[in-house]
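A short worksheet on the structure shown next.
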There are 4 protein chains.
Amino acid sequence: MKESVLKNKHIAFHKDTFNKTTEDRRQKVLEAATEEFAANGYNATSINVISKKSNISIGALYSYFASKEDLFLSIVNDAYDLMEKILKDVAKNSRDIYDCIERMLAASREFAVKYPQLNQIYLDITTQALSPLAVRLSNKLEIITPELLCGIIRQAKEEGRIKDDLDEKVISYCMDNIFMIYQFSFSSDYYKERLKIFLGEEKLKDINDIEKSIVKFIRAAIE
Amino acid sequence: MKESVLKNKHIAFHKDTFNKTTEDRRQKVLEAATEEFAANGYNATSINVISKKSNISIGALYSYFASKEDLFLSIVNDAYDLMEKILKDVAKNSRDIYDCIERMLAASREFAVKYPQLNQIYLDITTQALSPLAVRLSNKLEIITPELLCGIIRQAKEEGRIKDDLDEKVISYCMDNIFMIYQFSFSSDYYKERLKIFLGEEKLKDINDIEKSIVKFIRAAIE
Amino acid sequence: MKESVLKNKHIAFHKDTFNKTTEDRRQKVLEAATEEFAANGYNATSINVISKKSNISIGALYSYFASKEDLFLSIVNDAYDLMEKILKDVAKNSRDIYDCIERMLAASREFAVKYPQLNQIYLDITTQALSPLAVRLSNKLEIITPELLCGIIRQAKEEGRIKDDLDEKVISYCMDNIFMIYQFSFSSDYYKERLKIFLGEEKLKDINDIEKSIVKFIRAAIE
Amino acid sequence: MKESVLKNKHIAFHKDTFNKTTEDRRQKVLEAATEEFAANGYNATSINVISKKSNISIGALYSYFASKEDLFLSIVNDAYDLMEKILKDVAKNSRDIYDCIERMLAASREFAVKYPQLNQIYLDITTQALSPLAVRLSNKLEIITPELLCGIIRQAKEEGRIKDDLDEKVISYCMDNIFMIYQFSFSSDYYKERLKIFLGEEKLKDINDIEKSIVKFIRAAIE
DNA sequence: AATGAATGAGCGTTCATTCAT
DNA sequence: AATGAATGAACGCTCATTCAT
């Protein structure tokens, strides 16, 4: 899959100085900031608290990042790069489209479970209030899954593995909607509760079965 | 469809005094508050600004609502009741499940277009940071669509209109994921952009066609 | 004991309307206000709370009293009149000076126990912050005990019951200091604690004995 | 006189940062705060006014003290330590009990004249409304004089310098009541006026004579 | 490179008082 | 005579950011 020309891999929201400090300090900053932003949201998070939690002085924070906004976007950006890498790996290593869908579901869930805070932050940045911030990511956020999914669907279509009469764009969109909220269901309390209400406590115990059912749903739709 | 016993229809987040003031003042408060909460999110919204915008004194605001939180929840609660009413009407007036799905899609979109601010607020309250507030709505938020969708699916199954071997819970969940984000796509900049990227500027011009395609996707999955 | 010419018996801090409403309403206002002022002090007491507690509307309160200040002073004034009456009765009904001292001690304690709130308010108005209010009582507060005590001492001196070489003014002053704080010791937590520290928990059980000891102290000083 | 084990000398109501700023800033804060608290009482004093008066930003104030309450208690605490030091010096340097009583009277008056504001604040904290604050001083306030006075009396008794049949606890209590209000008489308008009424304008001109008379009263009581 | 003291606008909220009913 | 809705200044306090060290 060829590299997107739209995506600027070199956006950086930190100052040069952040590269020059020790790895330990970088980690402490990002860890504390991620915790706070995830738990409180962008607006209710205090830079002073991040400073205290990380044992990095406010002055240092401001020498690494020009503003609270930049620190936040830096984390979002990294999170996105991580998710992108994971999804691309999945796409590359899948046998066929249904295998791919199943792996993507699992990967989404695993990401949400492993990095619940990143997922919570991701949800946060989709809100209207943060759209001025999201703009600075130059749509980076939305590009990866459309490209991946459309590519997979197109390929499957060419191989005759899916119905001819379905609009591949709409299919990708529907599938991504399913994936996206499924992923949120493993990090935000709201979507967790929603998952539980839809599926019932009992069913939640066998995640594998749920994912198989979702794949089955999608497969029935497109095969 | 029988009334849920779980849902307390009588939760009120305003004080009695709010009922006693004039309709004009009630509207001004709610309108200004809705605008502000939608545009800035809960945390970045200032009660003082709402007071200024609505020409209602701060003291009056606090005589209507015990706190900023209550004012916010009052709006969310009303918005939810409105959405619930709309969806129930749709379910009641539909010929069959596919008609119902199509109407629900349209209704979701119409709601988002008519009340973009309510939709933005709804997105806001799904974030982790606001989950302490969401709790006060006693899960009211998540209950309506599961019940509606499950009911419709169950009925269709009994009538032999959909496949036997699909888990109705998972189907409802997948469908609701599609609906939910589709609805967000007409109010939040983020999801608007996402819709555009998936479907392309061209396709967006024919909303009707998009909805038909989504219905087709779902129908293929379950029929 | 002749009536003081200095003291204006006719100071009234309420408006005429307060006399015209029912006794029940008068009581409810004064009771709620006394509770609040005693517990929170003048400044931290809210008229709105008094209104709620008494079930008398704010409008009515302001038709009875021109201001929060006047309501407060009205209570202080009444309390003082009550205390004055009690002390004068004691003075009138005492056999001799030592009997009088003992009865005054007991009366002070009984007043403080029966009307702890009035006593707390009395302590409050002696603070510097409230001196602008106290001024409006035209020194009424301070006049009663000096007159009573000086009169008693003078009479006792004339009767040869107390030492010749002691300054009667200083004696009255010292005695009143003892009485005043003794009285506070039965209403304010601070002075209660102080009494306990001085006398010990054990001794506190026999109040009668304490008062006898105080009288003994004073008697030894002046006899 | 041995050190009290009850009293924690190390209570601090300021944050560490207060120690780190300049002496000039510390003084400006404490001076402005003392003035305001003394003149208006705790509740009617505004942090914003203290900030303006002292030319120290609100943010700085809150970096020195966690709250208005802590700033207030810090001042009370310091005032108490100062008074304690003075009284202990007096006790140590006195020839005998009567010398000690006379010096304590003088010291009380001098303290009140030199630091009228501290004395006004001390009176304020004895009121019922502030008892929740006073609690945080862990009874520190009330401990010093009982210990000092009881010690002095006990020693005098052992030396046979005072009557055998008087209860030393009650004596200390009575003496302290006299001292306490005498001290208030030089700072609060209320108690000033009261002193004037008791002793008369004329007598007030010879403070030395008044104190001698008070000592004489006490001496007569106990010798 | 790193610190953290300092700033002050702005927050959510309270409350004495007014006045139309 | 009585109500209580309405006002808005002022409160205690937070926090993004600057800058001297």
Side-chain angles (χ1 to χ4, degrees), chain A residues 15-18 20-22 25 43-52 55-71, chain B residues 15-18 20-22 25 43-52 55-71, chain C residues 15-18 20-22 25 43-52 55-71, chain D residues 15-18 20-22 25 43-52 55-71:
Chain A
K15 299 188 189 170
D16 270 358
T17 42
F18 193 48
K20 291 183 190 148
T21 193
T22 62
R25 286 176 66 87
N43 276 304
T45 289
S46 155
I47 286 287
N48 297 269
V49 171
I50 292 174
S51 162
K52 237 159 248 159
N55 269 315
I56 304 291
S57 72
I58 298 175
L61 285 185
Y62 273 86
S63 81
Y64 301 150
F65 300 92
S67 63
K68 178 182 170 181
E69 191 174 308
D70 279 16
L71 170 53
Chain B
K15 299 189 190 171
D16 270 359
T17 38
F18 194 50
K20 290 183 193 148
T21 194
T22 62
R25 286 176 66 87
N43 277 304
T45 290
S46 156
I47 285 287
N48 295 271
V49 171
I50 292 174
S51 162
K52 243 159 240 159
N55 267 315
I56 304 290
S57 73
I58 299 172
L61 286 186
Y62 274 88
S63 82
Y64 301 150
F65 299 93
S67 62
K68 177 184 170 181
E69 191 174 308
D70 279 16
L71 171 52
Chain C
K15 300 186 188 171
D16 270 359
T17 42
F18 193 49
K20 291 182 191 150
T21 193
T22 64
R25 287 176 65 86
N43 277 303
T45 289
S46 155
I47 285 287
N48 298 270
V49 170
I50 292 173
S51 161
K52 237 159 250 161
N55 268 316
I56 304 292
S57 72
I58 298 175
L61 286 186
Y62 273 87
S63 83
Y64 302 150
F65 300 93
S67 62
K68 177 181 169 183
E69 191 173 309
D70 279 16
L71 170 52
Chain D
K15 299 189 190 169
D16 270 359
T17 37
F18 193 49
K20 291 183 192 149
T21 195
T22 62
R25 285 176 67 88
N43 277 304
T45 290
S46 156
I47 286 287
N48 295 272
V49 171
I50 292 174
S51 162
K52 243 160 240 159
N55 266 315
I56 304 290
S57 72
I58 298 170
L61 286 185
Y62 275 88
S63 82
Y64 302 150
F65 300 92
S67 62
K68 177 183 171 183
E69 192 173 308
D70 279 16
L71 170 52

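Residue numbers begin at 1 in each chain, while the letters A, B, ... track the order of the sequences.
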Exercise for review: Check whether any side-chain nitrogen or oxygen of D:Y62 sits under 4.0 Å from OP1 or OP2 of E:dA6, and answer yes or no.
Suggested key: no
Study note, to complete from the structure: B:F65 CZ to E:dG12 C1', in whole Å, measures 16 Å
Practice item. Specify the closest pair of heavy atoms between B:R25 and B:Y64, including all atoms of both residues, with the distance to one decimal. Key: NE-OH, 3.0 Å
Exercise for review: Remember a base hit wins even if backbone is also touched, and classify C:I58 as base, sugar-phosphate or nothing at under 4.0 Å, heavy atoms.
Suggested key: base
**Study point:** Gap between atom CG of A:L61 and atom CG of A:N48 - 0.5 Å precision
**Key:** 9.0 Å
**Study point:** F:dA16 phosphate, OP1 or OP2, under 4.0 Å from A:S46 side-chain N/O
**Key:** yes
Review point. Looking for any heavy atom pair under 4.0 Å, which part of the strands does C:K20 touch: base, sugar-phosphate only, or nothing?
Key: nothing
Point to revise | 5′-ward residue of the pair C:E69/A:S63 relative to DNA chain E | key: A:S63
Exercise for review: Starting at atom CG of B:D16, determine the distance to atom P of F:dG4, rounded to an integer number of angstrom.
Suggested key: 12 Å
Exercise for review: Round to the nearest Å and state the distance from C:N55 atom CG to F:dA2 atom P.
Suggested key: 14 Å
**Study point:** E:dA1 phosphate, OP1 or OP2, under 4.0 Å from A:T21 side-chain N/O
**Key:** no
Point to revise | Enclosure of D:K15 NZ (heavy-atom neighbours >12, cutoff 6.0 Å) | key: yes
Study note, to complete from the structure: Under a 3.5 Å limit on both distances, the Watson-Crick or wobble mate of E:dA1 is none
Review point. Is there a Watson-Crick or G-U wobble partner for F:dA6 with both distances under 3.5 Å, and if so, which one is it?
Key: E:dT17
Check your understanding: D:T17 side chain N/O closer than 4.0 Å to the phosphate oxygens (OP1, OP2) of E:dG4?
Key -> no
Check your understanding: Where do C:S57 and C:S51 come nearest, in terms of heavy atoms and distance?
Key -> C-OG, 3.7 Å
Check your understanding: Looking at the side chain of A:S57, which of E:dT3, E:dA6, F:dA5 is the nearest nucleotide?
Key -> E:dT3
Point to revise | Residue closer to the 5' end of DNA chain E, D:L61 versus B:S67 (nearest nucleotide) | key: D:L61
**Study point:** Atom-pair distance (CD1 on C:I50; C1' on E:dA16), nearest Å
**Key:** 11 Å
Check your understanding: On DNA chain F, nearest-nucleotide positions of D:I47 versus B:G59: which is more 5'?
Key -> B:G59
Study note, to complete from the structure: A:F18 atom CZ is separated from E:dA2 atom P, nearest whole Å, by 11 Å
Check your understanding: CG of C:N48 versus P of F:dT3: gap in Å, rounded?
Key -> 15 Å
Revision key, fill the gap. When rounded to the nearest 0.5 Å, the distance separating OG of D:S67 from OH of D:Y62 is 7.0 Å
Exercise for review: Find out whether C:I47 and C:L71 are in side-chain contact, i.e. whether some heavy atom of one side chain is under 4.5 Å from a heavy atom of the other.
Suggested key: yes
Check your understanding: Phosphate oxygens OP1/OP2 of E:dA1: is one of them under 4.0 Å from a side-chain N or O of A:Y64?
Key -> no
Check your understanding: Looking across every strand, which nucleic acid part, if any, lies under 4.0 Å from D:T45 by heavy atom: base, sugar-phosphate, or nothing?
Key -> sugar-phosphate
Review point. How many Å lie between NZ on C:K15 and C1' on E:dT17, as a whole number?
Key: 11 Å
Point to revise | Distance test, side-chain N/O of D:R25 to OP1/OP2 of E:dA5, below 4.0 Å | key: no
Check your understanding: Rounding to a whole Å, what distance do you find between A:L71:CG and F:dT17:P?
Key -> 11 Å
